[in-house]
**Student:** 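Sharing a structure with you now.
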Amino acid sequence: MPASSRHLLKIEGLTPPEIGQYLDLAESYVLLNRSGKTQRDLLRGRTLINLFFEDSTRTRTSFELAGKRLGADVINMSVSNSSVNKGETLLDTAATLNAMHCDLLVVRHAQSGAPNLLAQKVDAAVINAGDGTHEHPTQALLDALTIRRRKGRLAGLVVAICGDILHSRVARSNIHLLTTLGSEVRLVGPPTLIPAEAASLGVSVHHSMEQGLAGADIVMMLRLQRERMASGPVPSAREYFRFYGLDRGKLAYARPDALVMHPGPMNRGVEIDSDIADDPERSVIREQVEMGVAVRMAVLDLLSRRGPRNAR
Ligand code: CP
């Protein structure tokens, strides 16, 4: 589904100009947010509903902030207090929200493909805020914006994505985006946490941090997603940290100016040492959160221009 469609469901399939359009517009929103100015007339009269079937701190809050900064009416639907608990299906819930003339529907769901299903049934523009192990497109866009602002480019950079790749929708979206824009992507983790299809994704696979991080420009750490693990592919947090947790010793394998990223939430002492996570010289984790608001403003802005109201 191209960026010129009225939904944002995945990064896979987007072209460099389509990704660039999101990033360039987001850049202007970074500057606007820092200047303290607002643009509340842009989405005035539009309704954005956050429909999160899984927990979230960063994504849901930043979509709410982004919508409000552009003047939209923002509703955070509390799924735990909704009629979903009385057996209402996903499609019936969506049809109900659709009848209220929602313009933008931001969806997070444990099932891969749920936002895609909704997009076929509702008039609203659907934005995937993370679906199962499939994709988390706005996370990849904000990661790319963070890297581009710090390094000036994405092409030619070596990006090591480390940890639980198997269960990570963040990794999948980043792999598609970074390889599309010309980065060299390395996946680093134990064999049990690397997906079988890795070889077909245009990346290299490494099972040692020393090999995977050698000469890397970007070290992107991922959380162990235990909620998606049927059994225990990782023996213990302590043993995992010893081999795959990022500490000063392992970071030294990367370039001296390598940046450390993490989409959050972090499990300190499991995949990353606090000493690294909180080091402003190396960690851009807080900056990623800031870029998240700008990227989501850009996504809401672009999709609302293509939405059903403009088609009528
Ligand atoms: N990175 C991310 O999606 O964080 P949340 O789960 O807090 O939204």
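Residue indices begin at 1 and follow the sequence shown. Note that ligands are numbered from 1 as they come in the structure, with each ligand's atoms numbered from 1 the same way.
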**Student:** Against ligand 1, does Gly130 come closer than 4.0 Å with any heavy atom?
**Tutor:** no
**Student:** Relative to the heavy atoms of Gln139, which atoms of ligand 1 are at a distance of less than 4.0 Å?
**Tutor:**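 In order of number, 1 (N), 2 (C).
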**Student:** Please set out all donor-acceptor pairs under 3.5 angstrom arising from side-chain atoms of residues 258-265, sequence neighbours excluded.
**Tutor:**
unit_1 : atom_1 : unit_2 : atom_2 : d
His262 : ND1    : Gly264 : N      : 2.8
His262 : NE2    : Glu271 : OE2    : 2.7

**Student:** Do the charged groups of Arg172 and Glu197 touch, with an N to O distance under 4.0 Å?
**Tutor:** yes
**Student:** Has the side chain of Arg242 got a donor or acceptor atom that lies under 3.5 Å from a matching backbone atom of Arg238?
**Tutor:**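 Absent.
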**Student:** Under 4.0 Å from a heavy atom of Gly264: which atoms of ligand 1 are those, numbered in the order shown and with their elements?
**Tutor:**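 Numbered from 1, ligand 1 contributes 1 (N), 2 (C), 4 (O).
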**Student:** Give the single entry among Arg60, Arg58, Met266, His262 that approaches atom 4 (O) of ligand 1 most closely by any heavy atom.
**Tutor:**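 The nearest heavy atom belongs to Arg58.
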**Student:** Please collect all salt bridge (Lys or Arg N to Asp or Glu O under 4.0 Å) contacts where either partner lies in residues 200-219, sequence neighbours excluded, each pair once.
**Tutor:**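 Residue pairs passing salt bridge (Lys or Arg N to Asp or Glu O under 4.0 Å), neighbours aside: Asp217-Arg255.
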**Student:** Please answer whether the main-chain N or O of Ala129 pairs with a side-chain N or O of Thr59 as donor and acceptor at a distance below 3.5 Å.
**Tutor:** no
**Student:** For atom 2 (C) of ligand 1, what is the closest protein heavy atom, and at what distance to 0.1 Å?
**Tutor:** Thr59 OG1, 3.5 Å
**Student:** Considering the heavy atoms of Thr57, write down every atom of ligand 1 situated less than 4.0 Å from one of them.
**Tutor:**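 Close to Thr57: 5 (P), 7 (O), 8 (O).
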**Student:** At the 4.0 Å heavy-atom cut-off, does Arg108 count as touching ligand 1?
**Tutor:** yes
**Student:** Has Thr61 got a side-chain atom pairing as donor or acceptor with Arg58's backbone, closer than 3.5 angstrom?
**Tutor:** no
**Student:** If you have a sec, work out which protein heavy atom is nearest atom 1 (N) of ligand 1 and how many Å separate them, to one decimal?
**Tutor:**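 Protein heavy atom with the smallest distance to atom 1 (N) of ligand 1: Pro263 O, 2.9 Å.
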